[in-house]
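Everything numeric here is computed off the predicted structure, so don't read it as measured data.
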Amino acid sequence: MLLMELQPANKPRIGALVLTAAPVTALGVVAGVGAGMAPLVCAPVALALGLALGVLVAGATGVAPELESAQPVHQSFGVRALLTRAAHESRPVLHEIDVLVDVAPLRLRTIGDPECLHRAVAELIEQAARRSPPGSVVTLAARSAPSGVRLEVVDEGGGDCGAGLAVARGIVDRHGGALRAERARPHGCRVVVELPGA
């Protein structure tokens, strides 16, 4: 069963839908009654039309309602594919910084929502890039761990290693994992993410 998740982020979407659907439905009922139809006959048609137009308008303005499953979608997927995609899609924020993806074993897998975890990894890459000087390398490493999978995002820069991690930490927490930041040697930051294994 699909449900619309009523979280604060979805309030603008729902508001746009209602603000479009309500007037269209009312106009449809008025037009139907004016044409000699009984209100109970034209109201369902007007409501369906109002909702359809509301979804179209909300979608055109970028605030379409999101239908999400009642339970988060967790699946098994490859860690190397996750890190490679995040590194590739982060290229615009990297400028003169290279990314090295190092996964062993190559078939290492984790369980979770791949899109959410992709957002978390992309956020960690962006933060590492901000701390890093031109010509440096950000390393994305993944290994088997007793808890399942251990990911590391290591940069060669400076600055506060714990800054800007709230989004990634929230996603990791929802997946039953843990995230911590620490100093790397001889310099730089290391963000360690522990995730369940597949």
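- In this structure, the side chain of H175 engages the main chain of D113 through a donor-acceptor pair within 3.5 Å.
- By the criterion of side-chain heavy atoms lying less than 4.5 angstrom apart, applied directly or through intervening Ile, Leu, Val, Met, Phe, Trp or Tyr residues, I171 is grouped together with F77 in one hydrophobic cluster.
- With contacts defined as side-chain heavy-atom distances shorter than 4.5 Å, the pair I125/L94 qualifies.
- Between R169 and E123 there is no salt bridge, since no side-chain N of the basic residue sits under 4.0 Å from a carboxylate O of the acidic one.
- Summarising the geometry of G164 relative to Q127, their closest heavy-atom pair is O-CG, 3.4 Å, with the distance given to 0.1 Å.
- Applying the side-chain hydrogen bond (donor to acceptor under 3.5 Å, both in side chains) definition to pairs two or more places apart or across chains, those involving residues 148-165 are R131-D155, R150-E152, E152-R190.
- Looking at every heavy atom in both residues, E194 comes nearest to V192 through OE2-CG1, 4.0 Å.
- With contacts defined as side-chain heavy-atom distances shorter than 4.5 Å, the pair L124/L165 qualifies.
- H74 contributes atom NE2, which lies 9.5 Å from atom CZ of R174 (distance to the nearest 0.5 angstrom).
- Between the side chain of T110 and the main chain of P196, a donor-acceptor pair closer than 3.5 Å is present.
- Here the closest non-hydrogen pair linking A181 and C161 is CB-O, 3.3 Å.
- Taking both residues in full, the closest heavy atoms of I111 and G197 are given as CD1-O, 3.3 Å, listed atom of the first, atom of the second, then distance.
- A heavy-atom distance below 4.5 Å is found between the side chains of V191 and L179.
- The CG atom of L82 sits 11.5 Å away from atom CZ of R109, with the distance rounded to the nearest 0.5 Å.
- In this structure, CG in L83 is found 10.0 Å from NE2 in H118, a value given to the nearest 0.5 Å.
- E182 places none of its side-chain heavy atoms less than 4.5 Å from the side chain of C189.
- Closest approach of A86 to A122, counting heavy atoms only: CB-N, 4.2 Å.
- One finds a salt bridge joining R130 and E126 here, because a Lys/Arg side-chain nitrogen approaches an Asp/Glu carboxylate oxygen to under 4.0 Å.
- A single hydrophobic cluster is seen to contain both V167 and L117, as judged by linkage of ILVMFWY side chains at heavy-atom distances under 4.5 Å, directly or through other members.
- Sorted by first then second residue, the side-chain hydrogen bond (donor to acceptor under 3.5 Å, both in side chains) pairs that include residues 93-108, not counting sequence neighbours, are D102-R143.
- Residues S132 and V138 meet the side-chain proximity criterion, which asks for heavy atoms closer than 4.5 Å.
- Counting all heavy atoms, side chain and backbone alike, A142 lies closest to L151 at CB-CD2, 3.4 Å.
- Under the side chain to side chain contact (heavy atoms under 4.5 Å, CB included) test applied with V79, the options V101, L106, L108 reduce to a single match, L108.
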